[in-house]
Student: 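Structure incoming, see below.
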Amino acid sequence: MVNIKAQISRLWRSSPPLTAVSGLMLAAFFFSAAGVFLDPRTITGEPAWLKPAKFAISTAIYAASIAWLFRYLALWPRYNRIAGWITGLVIVVEVGIIDIQAARGVTSHFNVSTPLDAALFGIMGAAILILWLAAAGLTVEIFRQRFADRAWGWALRTGMLITLLGASLGGLMVKPGPEHSITPARGQSMTVSGGHTVGGPDGGPGLPGIHWSTRHGDLRIPHFLGLHALQMIPLFAWLVRRQRRRERMVIAGAASYFSLTALLLWQALRGEALVAPHESTLAAMAAWSAATFIGLKG
């Protein structure tokens with residue numbers, strides 16, 4: 001049985017700020033989850049506190065994962081301390097703004113309807129760029145780090161790299177497409193700049209709980225999958241730890257994970273809903289499944 005108190009103590013020794021922020025975001029998640037049921041308001045068709053809840057739990061996991069990753073990084077200890085503080089501060093700013101906007105009853109992302117909304121969205125964009133740059137430095141470090149367990153080393157390297165690539169997909173949402181461009185009347189300013197759906201405006205029907213679009217392409221899907229590679233690929237490496245060809249399996253698993261993320265991105269960019277794949281998507285999924293099977297068994 002996992003000793004939770006001991007694990008938290010280990011995380012604290014690795015990075016006090018990230019461990020504290022992870023706990024803070026976990027508390028924010030429970031607060032926002034309660035808001036989903038207690039606050040009847042909706043924003044772009046979903047409960048007002050659903051986005052804050054999703055961001056809180058996601059950032060709690062990310063902060064804890066980076067603190068955990070520091071156990072294996074020894075090349076740049078000073079950089080790791082700085083990156084830990086930067087990551088923690090950015091998370092607090094990002095989720096704090098999302099919560100403020102939810103409390104105001106307006107959307108946080110892509111909202112430029114007032115000078116205040118535009119300023120908050122700009123701060124979020126700048127903060128995320130700083131967070132990405134800090135993660136990029138950690139990715140460089142982990143590729144330079146030597147590991148006695150080669151399979152585990154590849155799990156951490158590829159997990160961090162795909163997470164970094166997945167995070168960069170958020171940039172595709174900032175540039176508005178025709179479906180997000182709300183042409184302002186003469187003398188008025190634009191109210192929306194960007195969106196996560198492709199082929200239709202944000203706010204339509206979505207999957208229960210997560211609200212990914214069921215009618216259009218949704219860039220949040222590959223973005224989410226890519227972001228969580230840092231958890232999923234090391235988990236896979238741990239599950240196959242007793243296999244004879246473990247290193248090959250980890251590399252094949254990471255390649256499969258990246259390919260699936262790319263496939264879902266391709267599907268979203270074509271304006272195709274996850275739950276309504278076209279024949280070409282089904283064929284690509286079949287090819288991905290076959291290649292994954294061969295890679296893991298070959």
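All values below were derived from every heavy atom in this structure, side-chain atoms included, with hydrogens, water molecules and symmetry-related copies excluded.
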Student: So which heavy atom on Gly88 is nearest to which on Leu18, and how close?
Tutor: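 Here Gly88 and Leu18 meet closest at N-CD2, 3.8 Å.
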Student: Counting the benzene-type ring for Trp, do Trp49 and Phe31 have ring centres under 6.0 Å apart?
Tutor: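 Yes.
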Student: Which atoms form the tightest heavy-atom contact between Ser108 and Met124, and what is the distance?
Tutor: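 Taking Ser108 first and Met124 second, the nearest heavy atoms are O-SD, 4.0 Å.
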Student: Between Arg241, Arg150, Arg157, which is the residue that forms a salt bridge (charged side-chain N to carboxylate O under 4.0 Å, His left out) with Glu247?
Tutor: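 Result for salt bridge (charged side-chain N to carboxylate O under 4.0 Å, His left out) with Glu247: Arg150.
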Student: After noting the C-alpha distance and the side-chain angles of Leu138 and Leu73, does the key distance pass the side-chain contact (heavy atoms from CB on, under 4.5 Å) rule?
Tutor: CA-CA 9 Å; Leu138 294 176; Leu73 298 179; 4.2 Å; yes
Student: Measure up the Tyr72 and Trp68 rings against each other and bin them: parallel (under 30°), tilted (30 to 60°), perpendicular (over 60°).
Tutor: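 Ring orientation, 0 to 90° scale: perpendicular.
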Student: Going by side-chain contact (heavy atoms from CB on, under 4.5 Å), Thr87 matches just one of Ile91, Val90, Leu89. Which one?
Tutor: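 So, applying the side-chain contact (heavy atoms from CB on, under 4.5 Å) to Thr87 and each of Ile91, Val90, Leu89, only Ile91 qualifies.
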Student: If you count heavy atoms of other groups shown closer than 6.0 angstrom to CZ of Arg246, is the number above 12?
Tutor: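 Yes, the 6.0 Å shell around CZ holds more than 12 heavy atoms from other groups.
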Student: Ignoring hydrogens, what is the shortest heavy-atom contact between Glu141 and Leu75? Give both atom names and the distance.
Tutor: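 Minimum heavy-atom separation between Glu141 and Leu75: OE2-N, 3.5 Å.
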Student: May I ask you to establish whether Arg81 and Trp85 are in a cation-pi arrangement, using a distance under 6.0 Å from NZ or CZ to the six-membered ring centre and at most 45° from the ring axis?
Tutor: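 Not flagged: Arg81 not positioned over aromatic ring of Trp85.
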Student: If you take all heavy atoms of Val95 and Thr59, which pair is closest and at what distance?
Tutor: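 So the two residues come closest at CG2-OG1, 3.7 Å.
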Student: Counting heavy atoms not belonging to Arg144, are there more than 12 under 6.0 Å from its CZ?
Tutor: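 No, not enclosed.
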Student: Assess whether atom CZ of Phe258 is packed by more than 12 heavy atoms of other residues, nucleotides or ligands within 6.0 Å.
Tutor: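 Count not over threshold, so no.
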Student: Give, for atom OG of Ser58 and atom CZ of Phe224, the distance between the pair rounded to the nearest 0.5 Å.
Tutor: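 Rounded to the nearest 0.5 Å, the OG-CZ separation comes out at 7.0 Å.
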Student: Out of curiosity, Trp266 CH2 to Leu264 CG, how far, rounded to the nearest 0.5 Å?
Tutor: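 That separation rounds to 11.0 Å.
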